[in-house]
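Labels below follow one simple rule: chain letters A, B, ... track the order of the sequence lines, proteins then strands, and each chain is numbered from 1. Note that these values count all heavy atoms, side chains included, but never hydrogens, waters or copies made by symmetry. Since this is a predicted model, take the numbers as computed values, not measurements.
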Amino acid sequence: MQSNLYDYLPILLMFIVAGGFVGGTMFVTHKLGPQIKSKIKLDTFECGIESQGNARIPFSIKYFLVAILFVLFDVEVIFMYPWAVNFKELGLFGFIEMLTFMGFLLLGFFYILKKGALKWE
Amino acid sequence: MISFLIYKTILVIVIFAVSLVVAMYSTYGERKIAAFMQDRIGPNRAGPFGILQPLADGVKMFMKEEIIPDVSNKALFILGPCIAMLTACMTGVVIPWGDAITIGGEKYSLQITDINIGVLYMFGVLSIGVYGVMIGGWASNNKFSLLGAIRASSQMISYEVAMGLSIIALVMMTGTISLKEITEQQAGGNWNMWNVVYQPVGFLIFLICAFAETNRTPFDLPECETELVGGYHTEYSSMKLGFYLFAEYINMFISSAVIATLYFGGYNFPFMHDLGLSENLITILGVVALFAKIFFFIFLYMWVRWTVPRFRYDQLMNLGWKILIPLSIGNIMLTGLITLLRQKYHF
């Protein structure tokens, strides 16, 4: 099946409609609500005590590691889509090739598991 | 060209409005179902049976004071909920809401656009949704928000991998990633059954990932109120908070629609061509059937929310990475093997 450029036009239409709604609502609600500001009201939330410092602080490296692993795996996933669409034409040969590829993928996966990259304590 | 634009614009506005209304009444449904499960009455003051409650909530959100903390990054603070809401609405474009309706000899498809990369588009928009949460939580400059945002984004990206892998097994069977074609392959007659029959494991993985992607219980750690006050939207008030909450309900609606389309036949219903109905009537009944399936899954979301307690964070990550990803890779291999054997021995 071939898609032409016109098929993507409605996506732009949806973007305009949804964007207009979001922008309009933001504007209207900004105008409608009461505007009584005070120093304490504009402070960030803390459970009853004064907040210390700001939130531009370092956080656990685990989250960063998960993000890096996600990039790796998601690229693999995207790489598999064209193969999956043509799977029936490619037949046994394509299947074995993908098994090899997936074997390497699992090898890397096993390695990061052994390294403890996904250990949360 | 002009008539094409008018027809598409009308369709876009109708589907946009429908998703807003369904999301609005999901909040009402959620509260009523919660009340039923906990032996309470639920909202019953605004209108008969509290039916006007969502409207009252909406007006309240509109009229509330808007607070932007002094130390926050103001532009990003406003941008966060806008992205969340926008991406929630954008996914509905590729879902086939029904077959074509014939008016005056002209066929009007009820799908806004049938691009041949429907599934990929869906994933692309879904990934942008992470930015809404991340930007909002970071820009608040509050430690609770930051922790909530980091948790949310690493949860969402972890489950996105498993979600992508679970769909690959489906794509291997269908041979297309256009949602319309996937739906048409599940049309009744000739023993063409719904995909869930052939892909039960894939469906289960997809369902779990959909729960995690929409931040619903048991995966609602980003807004875990016992630890993080309100998670990434702690600092938000007025309609900005409303957008975050609303985006969650729209995401629930859209993901239910995607599950129904991919695994439960979309707008197809049993014996649709055997009853001797006219084409237009079949289309309308198909839309009704699709919405019945969608409402069932929205109900499932709520049912699970009031039944299953929240996971711990390490359990969540272990489930995503150590169980769902290997399981979906195994599912891909099994699907490939069976498909090849079927090709060879014709069963």
So, do [X] and [Y] sit near enough that their side-chain heavy atoms are less than 4.5 Å apart?
X	Y	value
A:L13	B:L5	yes
A:F87	B:M173	no
B:I329	A:L105	yes
B:S238	A:H30	no
B:L337	A:F95	yes
B:Y121	A:Y8	no

Tell me the closest heavy-atom pair linking [X] and [Y], and the distance in Å.
X	Y	result
A:K88	B:M172	CE-O, 4.0 Å
B:I157	A:A67	CD1-CA, 3.7 Å
B:F62	A:T29	O-OG1, 3.3 Å
A:Y63	B:R151	OH-CG, 3.8 Å
B:D114	A:D7	O-OD2, 4.2 Å
B:K8	A:P10	CD-CG, 3.9 Å

Which portion of [X] sits near chain A, non-hydrogen atoms under 4.5 angstrom:
X	result
B:A139	backbone
B:E235	side chain
B:S140	backbone
B:V94	neither

Can you confirm whether more than 12 heavy atoms, excluding those of [X], are under 6.0 Å from its [atom1] atom?
X	atom1	result
B:F4	CZ	yes
B:K64	NZ	no
A:F101	CZ	yes

Heavy-atom pairs under 4.5 Å with chain A are the metric here; pick the option from [options] that has the most.
options	result
B:T339, B:T113, B:L170	B:T113
B:V161, B:I150, B:V12	B:I150
B:R312, B:Q315, B:M61, B:K240	B:K240
B:I168, B:D314, B:N318	B:I168
B:L146, B:L86, B:V93	B:L86
B:L165, B:N142, B:T234, B:I325	B:N142

Leading residue by heavy atom contact count with chain B [cutoff under 4.5 Å; candidates [options]]:
options	answer
A:V85, A:V17, A:V28, A:L32	A:V85
A:A18, A:G23, A:P34	A:P34
A:L113, A:V71, A:T25, A:D74	A:T25

For B:I332 and A:M80, run side chain to side chain contact (heavy atoms under 4.5 Å, CB included): C-alpha distance rounded to whole Å, both residues' side-chain angles, the deciding distance at 0.1 Å, then the answer.
-> CA-CA 11 Å; B:I332 291 173; A:M80 278 160 84; 3.7 Å; yes
Give, as side chain, backbone, both or neither, the part of [X] having an atom under 4.5 angstrom from any heavy atom of chain B.
X	answer
A:I112	neither
A:F59	side chain
A:F109	side chain
A:L9	side chain
A:M14	both

For the pair B:I167 and A:Y81, evaluate side chain to side chain contact (heavy atoms under 4.5 Å, CB included) and give the outcome as yes or no after the intermediate values.
-> CA-CA 9 Å; B:I167 290 198; A:Y81 270 95; 3.7 Å; yes
Is the side chain of B:E65 donor-acceptor paired with the backbone N or O of A:I36 at a distance under 3.5 Å, no angle test?
->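 Checked: pair present.
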Return yes if some donor-acceptor pair links the side-chain N/O of B:S154 with the main-chain N/O of A:V66 below 3.5 Å, else return no.
-> no
Check: B:W321 ring centroid to A:F70 ring centroid under 6.0 Å =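 For B:W321 and A:F70, the ring centres are not under 6.0 Å apart.
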